[in-house]
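Take a look at the structure set out below.
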Amino acid sequence: MADLKPRTEISFLETFICSAFAACFAELCTVPLDTVKVRLQLQRKISTGDGTILAKYRGSYGTLTTIVREEGFPALWRGMIAGLHRQCIYGGLRIGLYEPVKMFLVGSDFVGDIPLYQKILAALFTGAVAIIVANPTDLVKVRLQAEGKLTAGMPRRYAGAVDAYLTIVRQEGIRALWTGLGPNIARNAIINAAELASYDQIKQTILKIPGFTDSIQTHLLAGVAAGFFAVCIGSPIDVVKSRMMGDPTYRNTGDCFVKTLKNEGFSAFYKGFLPNFTRLGTWIVVMFLTLEQVKRVFTSNVFYD
């Protein structure tokens with residue numbers, strides 16, 4: 001007679017499904033915060049003749065209220081469809097591939113705690129591979145989020161996510177869908193390493209503390225810490241990536257970095273830091289909490305002969 005026993009491992013396909021679902025759910029919860037972050041990152045200071053510096057958006061709350069007042073509440077979710085496209089592909093691949101790549105690096109016969117540097121290498125690789133595939137979805141998401149309120153009679157560049165893909169290919173060529181790929185690979189590989197490797201390592205450390213179990217409390221603590229590391233390390237690259245995708249006038253990554261540094265100073269690379277941390281920190285916590293719970297659907301109530 002078959003016994004009802006929990007599994008301890010799940011397949012790559014099951015992990016991909018769990019990861020894609022968790023990433024999409026986290027995206028739905030945090031799109032408004034991401035829109036605020038992108039608007040702040042793309043904003044440039046405007047100097048008037050008397051030396052006054054004007055800025056349309058001021059802080060996270062000010063940006064959010066300005067968008068709602070001028071463009072309506074739904075504008076906060078602009079680019080959501082492309083964001084879900086991105087998370088389904090990128091989130092599923094980077095998280096789904098992490099465990100297989102990590103185990104490949106250490107070997108199938110490895111016993112004990114996997115070294116942190118191996119976790120970092122695995123996350124760097126999976127983040128880079130995933131964003132190479134998902135870059136078009138990221139580009140369209142940023143383009144849609146960057147559009148603000150237009151003057152009367154001026155049509156929008158894109159009617160929606162699908163129209164944006166087609167319009168970009170028609171007007172700029174198919175290679176334009178991979179605009180900003182360089183900084184995007186750097187950003188997502190680094191942030192993925194900071195996020196997955198730190199979550200993995202911190203969770204492993206917490207579980208060694210007496211009284212802690214593989215519970216929501218542990219997932220929450222590890223998720224918050226992972227979010228902080230990811231934003232601190234990835235914010236400068238994230239700003240360059242958003243500007244290159246939102247403004248096609250930059251020639252390349254170096255040009256964008258130099259012009260931003262020269263015209264606005266180093267602090268510009270941490271524009272939108274608070275909404276970025278609020279958004280990414282929240283995103284990571286929601287994603288990992290959801291992922292851990294969804295994976296239990298596949299690892300529990302499974303019959304073994």
Side-chain angles (χ1 to χ4, degrees), residues 19-20 22-42 76-97 123-147 157-158 160-169 171-196 230-231 233-248 250 252-253 256-257 271-272 275-276 279-280 283-284 287:
S19 303
C24 287
F25 181 73
E27 187 75 9
L28 281 171
C29 295
T30 59
V31 166
L33 297 173
D34 193 49
T35 299
V36 168
K37 179 208 72 173
V38 169
R39 292 290 182 90
L40 284 170
Q41 288 180 335
L42 294 177
L76 292 172
W77 272 268
R78 189 169 291 143
M80 181 184 68
I81 300 301
L84 294 178
H85 293 168
R86 177 186 186 275
Q87 292 304 337
C88 188
I89 299 171
Y90 175 69
L93 285 176
R94 74 183 180 93
I95 302 170
L97 288 171
L124 284 171
F125 177 78
T126 62
V129 169
I131 201 57
I132 289 173
V133 178
N135 197 81
T137 63
D138 210 9
L139 174 73
V140 168
K141 176 187 173 185
V142 171
R143 291 276 183 98
L144 291 173
Q145 286 179 320
E147 288 196 334
R157 288 190 297 173
Y158 313 115
V162 175
D163 179 63
Y165 291 119
L166 298 175
T167 301
I168 292 170
V169 171
Q171 295 180 351
E172 305 173 46
I174 194 168
R175 292 181 61 183
L177 291 173
W178 278 267
T179 298
L181 181 61
N184 218 12
I185 288 176
R187 171 195 180 267
N188 285 280
I190 291 171
I191 291 180
N192 196 49
E195 177 186 326
L196 290 185
V231 177
I233 294 171
S235 189
I237 304 171
D238 191 41
V239 170
V240 172
K241 184 268 297 185
S242 292
R243 291 197 169 191
M244 285 192 67
M245 289 184 166
D247 186 348
Y250 293 114
N252 50 49
T253 305
C256 181
F257 182 88
K271 271 189 174 182
N276 196 14
R279 184 260 174 187
L280 187 57
W283 190 98
I284 290 173
M287 190 278 291

Least distance between heavy atoms, [X] atom then [Y] atom:
| X | Y | result |
| --- | --- | --- |
| Lys141 | Gly83 | CD-CA, 3.8 Å |
| Leu177 | Asn135 | O-ND2, 3.0 Å |
| Ala23 | Gly91 | CB-CA, 4.1 Å |
| Ile237 | Arg187 | CG2-CB, 3.1 Å |
| Pro136 | Trp178 | CG-CZ2, 3.6 Å |
| Leu139 | Ala176 | CD2-O, 3.1 Å |

Validation row: [X], [Y] side chains within 4.5 angstrom (heavy atoms):
| X | Y | value |
| --- | --- | --- |
| Arg157 | Thr167 | no |
| Trp283 | Glu195 | yes |
| Val240 | Tyr250 | no |
| Ile131 | Arg86 | yes |
| Leu144 | Ile81 | no |

Original post:
Hey, does the side chain of Asn192 reach the backbone of Thr126 with a donor-acceptor pair shorter than 3.5 angstrom?
Top reply: no
**OP:** Return yes if some donor-acceptor pair links the side-chain N/O of Thr35 with the main-chain N/O of Leu76 below 3.5 Å, else return no.
**Re:** yes
Original post:
Does a donor on one side chain sit under 3.5 Å from an acceptor on the other, for Tyr165 and His85?
Top reply: yes
Original post:
Can you tell me if Asn188 and Asn184 form a side-chain donor-acceptor pair at under 3.5 Å?
Top reply: yes
Give, for atom [atom1] of [X] and atom [atom2] of [Y], the distance between the pair rounded to the nearest 0.5 Å.
| X | Y | atom1 | atom2 | answer |
| --- | --- | --- | --- | --- |
| Ile132 | Leu181 | CD1 | CG | 6.0 Å |
| Met80 | Glu27 | CE | CD | 9.5 Å |
| Asp34 | Cys29 | CG | SG | 13.0 Å |
| Leu124 | Ile191 | CG | CD1 | 11.5 Å |
| Thr179 | Ile168 | OG1 | CD1 | 7.5 Å |
| Met287 | Ser19 | CE | OG | 7.5 Å |

**OP:** May I ask you to decide whether Glu172 forms a salt bridge with Arg143, counting only side-chain N to carboxylate O separations under 4.0 Å?
**Re:** yes
Original post:
Got more than 12 heavy atoms from elsewhere within 6.0 Å of CZ, Phe125?
Top reply: no
**OP:** Return yes when atom CD1 of Ile174 has more than 12 non-hydrogen atoms of other residues, nucleotides or ligands closer than 6.0 Å, and no otherwise.
**Re:** no
**OP:** For the pair Leu28 and Leu84, evaluate side chain to side chain contact (heavy atoms under 4.5 Å, CB included) and give the outcome as yes or no after the intermediate values.
**Re:** CA-CA 8 Å; Leu28 281 171; Leu84 294 178; 4.0 Å; yes
